[in-house]
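One structure is given here, and the rest of the page talks about it.
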Amino acid sequence: MTTDYNQLTIHEANKLLKDRQVSSVELTKACLERIQQVESKVGAIVTVTEELALEQARKADELIGTGDINPLTGVPALIKDVMCTRGVRTTCSSKMLENFVPPYDAAVVEKLNEAGMVMVGKANMDEFAMGSSTEHSAFHPTHNPWNLSRVPGGSSGGSAAAVAAGEAIYTLGSDTGGSIRQPAGFCSVTGLKPTYGRVSRYGLVAFASSLDQIGPLTQDVTDCALVMNVIAGHDSRDSTSAPQPVPDYTQCLTGDIKGMKIGIPKEYFVEGMQPEVETAIRVVIEQLQDMGAKVGEVSLPHTRHALAVYYIIAPSEASANLARYDGTKYGFRYQGADTMWDTMDKTRQHGFGAEVKRRIMLGTYALSAGYYDAYYLKAQKVRTLIRREFDEAFEKYDVLVAPTSPTVPFEIGEKVDDPVQMYLADVCTLPVNIAGLPGISIPAGFADNLPIGMQIISKPFAEETILKIAHAYQQATDWHMRKPAL
Ligand code: GLN
């Protein structure tokens, strides 16, 4: 176990806290000091909440004294700045919400607070979660802790980079088309996108409502299970949240995967994929086979339409969701316009960044009269085909294993002016959102000291199957224990 308190996992920290070998205040100070040391290089955070964190840590220490605590009690966390935090500004890394202080907590924040969270701050992201590199933050880009000239992925790039850099012990992200898994892969951390409906989205600023889902980014699978135990579950304030009971996600972490059936979707080994990524994933597959899993190839031919389907559905929903930012009720308002219409126009012109405007225009176009049938309706039909194809695959296999991304982290600036290239970064993660499935990315190797992520996908509400395999793999390997030299 490391002696750098900021590098502990949740389960390690919990043990030390319970044994009174460390206090939550000490853990919190270790993270805050780490933030001081590395934040100028990494840029993972929008707002540091030092005072709040220390106050929560003192309360947690009192609670720990009384005995019965949640494993998350007193453990420092960062929350992606797309989830509302009462009294702490929630910006979505946009000028539009730069000074927006929510009057309420998101459901997940509420639950984590009940479990004794110490929140050290809010994590940087692509503006309104639109992007794959965190370069679209209106404030500053986030750098990959493994190589500072590279991107950390996105849109939860701040959340992933912060865990890799030891600025927080765990974080929350959101995933609409890959935004937890792709940055987890790029930063060599563990990131789970739960089933659509598994975690309440009450208080999550909406991007694309039929795709958005909240999930944890952690140092290992056990931590992921511990966070899921707290955040999963039905919430009457989110009508899309499922009434399914929540299991204890740590129960499935047995290390035994003998006889489990793993499908390898051949379409995920896409053209243009970096050879080192393919090699690393093939090695993992052999390892899983050696551990007793049964492996077979599967074909999901509609995968090739997933990118197009996503870039119609997500912008369409975004264009509706983002209509609320007009300078009237809250957020940025352009001063000095003459009429109400002019105020709205200029508010949106100056408040949104280029990528957000691009999405709004794409979505508005796809939904407009005369084009709706050709684009939005057609995309919904293909969405059904993609979902059915997965259903069929899961009749034969427990999980599918694939790369998280076709490449290792790219250079900052490399794709920022080429939207299509940027969109292609998500080819392996988008289909999972389109079908509403759970998926995890776990560290699976390196190419030239740049992380490679492996994705494990399963059927709806089979998070336990995913966690079981991912955990067994981490028991047998140490990729997830490597830390960047910052
Ligand atoms: N990168 C994808 C996009 O830009 C996915 C983003 C996300 O999952 N929030 O839309």
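FYI, side chains are in, hydrogens and waters are out, and symmetry mates aren't considered; it's all heavy atoms of this structure.
How far OG of Ser24 is from CD of Glu26: 9.5 Å, rounded to the nearest 0.5 Å. A distance of 11.5 Å separates CD1 of Ile10 from CG of Leu17, quoted to the nearest 0.5 Å. Considering CD1 of Ile434 and OH of Tyr310, their distance stands at 8.5 Å, rounded to 0.5 Å. Remark: Thr134 OG1 to Met125 CE distance equals 9.0 Å, nearest 0.5 Å. Once rounded to the nearest 0.5 Å, the distance linking CD1 of Ile257 with CD1 of Ile469 reads 5.5 Å. Rounding to the nearest 0.5 Å places CG of Asp220 at 10.5 Å from CD1 of Ile442.
At least one donor-acceptor pair under 3.5 Å links the side chain of Asp398 to the backbone N or O of Lys261. Here the side chain of Asn6 pairs no donor or acceptor atom with the backbone of Ala30 at under 3.5 angstrom. Between the side chain of Ser133 and the backbone N or O of Glu135, at least one donor-acceptor pair lies under 3.5 Å. A donor-acceptor pair under 3.5 Å is absent between the side-chain atoms of Ser93 and the main chain of Ser137, judged by distance alone. A donor-acceptor pair under 3.5 Å is formed between the side chain of Glu317 and the backbone N or O of Ser210. Formation of a donor-acceptor pair under 3.5 Å by the Thr85 side chain with backbone atoms of Val88 is found in this model. In this structure, Asp448 contributes its side chain and Leu450 its backbone to no donor-acceptor pair below 3.5 Å. Looking at Arg89, its side chain does come within 3.5 Å of a backbone N or O of Glu98 through a donor-acceptor pair. In this structure, His140 contributes its side chain and Ile45 its backbone to a donor-acceptor pair below 3.5 Å. Side-chain atoms of Asp426 do not come within 3.5 Å of backbone N or O of Gly178 as any donor-acceptor pair.
Ala472 and Gly255 make their closest contact through CB-O, 3.8 Å (heavy atoms, listed as atom of the first residue, atom of the second, distance). Here the closest non-hydrogen pair linking Gly453 and Ile281 is O-CD1, 3.6 Å. The minimum heavy-atom distance between Ala164 and Cys187, with the atom names listed, is CB-O, 3.5 Å. Counting all heavy atoms, side chain and backbone alike, Thr171 lies closest to Ala162 at CG2-CB, 4.4 Å. Between Leu226 and His11, the shortest heavy-atom distance links the atoms CD1-CB, 4.1 Å. Thr90 and Pro102 make their closest contact through OG1-CG, 3.2 Å (heavy atoms, listed as atom of the first residue, atom of the second, distance).
For Trp146 and Phe446, the ring centers sit closer than 6.0 Å to each other. The distance between the ring centers of Tyr325 and Phe128 falls below 6.0 angstrom. In summary, the aromatic rings of Phe332 and Phe100 are positioned with their centroids too far apart to meet the 6.0 Å limit.
The existence of a salt bridge linking Arg150 and Glu411 is confirmed by a sub-4.0 Å separation between a basic side-chain nitrogen and an acidic carboxylate oxygen. Ion pairing between Arg359 and Glu355 holds under the 4.0 Å rule for side-chain N and carboxylate O. Residues Glu55 and Lys59 are paired through a salt bridge, judged by an N-O separation under 4.0 Å between the basic side chain and the carboxylate. By the 4.0 Å N-to-carboxylate-O rule, Arg282 lies close enough to Glu278 to be salt-bridged with it.
A cation-pi geometry, defined here as NZ or CZ lying under 6.0 Å from the six-membered ring centre and within 45° of its normal, does not hold between Lys459 and Phe390. Judged by the 6.0 Å distance and 45° axis criteria, Arg237 is positioned over the aromatic ring of Tyr202.
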Practice prompt. In sequence, state the C-alpha distance, the side-chain angles, and the governing distance for Thr9 and Ile169, and then conclude on side-chain contact (heavy atoms from CB on, under 4.5 Å).
Written response: CA-CA 6 Å; Thr9 61; Ile169 290 180; 5.7 Å; no
Worksheet entry | Intermediate values then yes/no, side-chain contact (heavy atoms from CB on, under 4.5 Å), Leu204 and Val82 | CA-CA 6 Å; Leu204 170 74; Val82 67; 3.6 Å; yes
Discussion item. Using the rule given for side chain to side chain donor-acceptor pair (under 3.5 Å), can you reason through Arg201 versus Tyr196, listing the C-alpha separation, both sets of side-chain angles and the distance that settles it, and then say yes or no?
Written reply: CA-CA 10 Å; Arg201 300 176 303 168; Tyr196 183 75; 3.1 Å; yes
Worksheet item: So Asp478 and Arg482, salt bridge (charged side-chain N to carboxylate O under 4.0 Å, His left out) or not? Walk me through it.
Response: CA-CA 7 Å; Asp478 72 349; Arg482 304 200 187 183; 3.4 Å; yes
Practice prompt. Take Phe207 and Thr176 through the side-chain contact (heavy atoms from CB on, under 4.5 Å) test and state the conclusion after the steps.
Written response: CA-CA 8 Å; Phe207 163 11; Thr176 303; 3.6 Å; yes
Worksheet entry | Phe186 vs Val408, side-chain contact (heavy atoms from CB on, under 4.5 Å): CA-CA, chis, key distance, verdict | CA-CA 7 Å; Phe186 274 14; Val408 296; 5.9 Å; no
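When each of Lys193, Lys80, Arg181, Arg198 is tested with Asp175 by the rule salt bridge (Lys or Arg N to Asp or Glu O under 4.0 Å), just one qualifies, namely Arg181. Among Asp81, Thr142, Thr47, Thr91, the single residue meeting the side-chain hydrogen bond (donor to acceptor under 3.5 Å, both in side chains) criterion with Asn124 is Thr142. Exactly one residue among His480, Gln219, Gln474 makes a side-chain hydrogen bond (donor to acceptor under 3.5 Å, both in side chains) with Thr190. That residue is Gln474.
Residues Ser441 and Gln455 bring no donor and acceptor atom of their side chains to less than 3.5 Å of each other.
Counting heavy atoms from C-beta on, the side chains of Ile231 and Leu112 come closer than 4.5 Å.
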